[in-house]
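Chain letters run A, B, ... following the sequence lines, proteins first and then strands; every chain starts at 1.
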Number of protein chains: 2
Amino acid sequence: MDTTATIIQRVREEARRRNVRWTNQREAIVATFVASKDHLTVEELHRRVRLKDATVSAATVYRTINMLTEIGVAVRRQFGASASAAFECAVDRDHHDHLVCTICGSITEFHHDLIERMQVEVADTHGFLLSHHRMELYGTCGTCRIQVDPPAAEDPAPVAR
Amino acid sequence: MDTTATIIQRVREEARRRNVRWTNQREAIVATFVASKDHLTVEELHRRVRLKDATVSAATVYRTINMLTEIGVAVRRQFGASASAAFECAVDRDHHDHLVCTICGSITEFHHDLIERMQVEVADTHGFLLSHHRMELYGTCGTCRIQVDPPAAEDPAPVAR
DNA sequence: TTCCATGCAAAGTGTTTGCACCCGG
DNA sequence: CCGGGTGCAAACACTTTGCATGGAA
């Protein structure tokens, strides 16, 4: 089990190895990022970092998150048609895909080994050497289903599409 | 089997039903779009439309492709980290997912029923009511594998990047 | 002291929109 | 004619980048 501090330490060492300087801004950004367990947009990450150090600019957050993505500490995601990218910390995390609620936007992670194996098979069948994939399932989460679909539904069914 | 003309006719009727006017620009854009069997960006579609009618603006292509997407004639896709969206004609096409070659960018469509069923199952397990999904498999296509991985490689390997 | 990193603002990209004019129904 | 459609340019949202300055090593 890695504490936030341990992860930061690791990133710091990786940075040193690459002759990347360790600044206060990076410390603040990385600390905030690895402490966040959800999927963050740059804007949200910037907002949280500002609480610690109000001088950090958005440009630096972008530069830092890109650096973290390059060294494999962050993973970039792009959900739905949302314009902005979301990032999640990749340290000590296994590969997974996402279920996205189209009502409330909540994100649930899942891993399905058989699907993964079949994806390799599909790639194989078409002569592709699979390197990675992107799979997002969109729908209505349990909580929203209850609110959208009241228990005693007497309304005519909505037109399918 | 539907000819391009038949499809245009259908779109035209759908437009009339919605009190959407049929202009020369729309005729040109829709005709070009349904005749294209590949995945087009707006820029590429605009380029092709201009060959027929040089006065059509990009704004109109955006407005028209958005209209086509709304009425279900076009489907918007977003491959990889590419900034621009790709559109494909949805008329007379069944649902499918994509294999994308990360070397040459070629796109292969596929459908795997078992995967689809398991996706529903995954959603179910997490209390989600699945509405749609997005699945793209990235890798190296057969053609590129041969060129990237030459049978008898005598050249020094290029620096990875 | 040497460069990399930063903040700022400007530039870039892909897409949307306000507006005056145009034209299909 | 009437109201939606169009071209143009400006606005937009997100992200990157040039530049002068600042700070880590």
Could A/Arg10 and A/Glu13 be called an ion pair, given the rule that one side-chain N must be under 4.0 Å from one carboxylate O?
no
B/Gln25 vs C/dC22: side-chain N/O to OP1/OP2 distance below 4.0 Å:
no
In whole angstrom, what separates B/Arg12's CZ from C/dG24's P?
11 Å
Spacing of A/Leu68 atom CG relative to D/dT15 atom P, expressed in whole Å
15 Å
Among C/dG7, D/dG7, C/dT15, which nucleotide sits nearest the side chain of B/Thr60?
D/dG7
Expressed in angstrom and rounded to an integer, what is the separation of A/Gln78 atom CD from D/dC14 atom P?
11 Å
Below 4.0 angstrom, N of the basic side chain to O of the carboxylate: do B/Glu136 and B/Arg77 qualify?
no
Check against ring pair (Phe, Tyr, Trp, His ring centres under 6.0 Å), B/His98 and B/Phe79
CA-CA 9 Å; B/His98 300 84; B/Phe79 296 119; 5.0 Å; yes
In terms of side-chain geometry, is the basic nitrogen of B/Lys37 or B/Glu88 positioned less than 4.0 Å from the acidic oxygen of its partner?
no
Is the closest basic N to carboxylate O distance between B/Arg47 and B/Glu44 below 4.0 Å?
yes
Applying a 4.0 Å non-hydrogen cut-off, can you work out what B/Asn19 is touching in the nucleic acid: base, sugar-phosphate, or nothing?
nothing
Hydrophobic clusters here meaning ILVMFWY residues chained together by side-chain heavy-atom distances under 4.5 Å, can you tell me if A/Val100 and A/Ile103 are in one?
no
Got a list of protein N/O to nucleotides 10-13 of chain C N/O distances below 3.5 Å?
none

In the 5'-to-3' direction, what one-character label does each nucleotide of nucleotides 17-25 of chain D receive under the scheme B = base within less than 4.0 Å of a protein heavy atom, S = sugar-phosphate only, - = no such atom?
BB----BBS
Given side chain to side chain contact (heavy atoms under 4.5 Å, CB included), test B/Thr64 with B/Phe33 step by step and report yes or no.
CA-CA 10 Å; B/Thr64 302; B/Phe33 181 62; over 6 Å; no
The test is side chain to side chain contact (heavy atoms under 4.5 Å, CB included); show your working for A/Thr108 and B/Phe128 and say whether it passes.
CA-CA 10 Å; A/Thr108 305; B/Phe128 274 69; 3.5 Å; yes
Using OP1 and OP2 only, check whether a side-chain N or O of A/Asn66 sits under 4.0 Å from D/dT16.
yes
Look at all strands and tell whether B/Ala58 reaches a base, only sugar-phosphate, or nothing, counting heavy atoms closer than 4.0 Å.
nothing
Using a strict cut-off of less than 4.0 Å between a Lys/Arg side-chain nitrogen and an Asp/Glu carboxylate oxygen, indicate whether B/Arg48 and B/Asp38 qualify as a salt bridge.
yes
Here the distance between atom C1' of D/dG5 and atom CZ of B/Arg26, to the nearest Å, is 6 Å
Contact check, residues 35-57 of chain A vs DNA chain C, heavy-atom distance under 4.0 Å, returns A/Thr55, A/Val56, A/Ser57
Tell me: CZ of A/Phe79 to C1' of D/dC14, nearest whole Å?
17 Å
Round to the nearest Å and state the distance from B/Glu13 atom CD to C/dG25 atom P.
14 Å
A/His96 and A/His112 side chains, donor-acceptor separation under 3.5 Å:
no
Please round to the nearest 0.5 Å and tell me the distance separating atom OG of A/Ser57 and atom CZ of A/Arg50.
8.5 Å
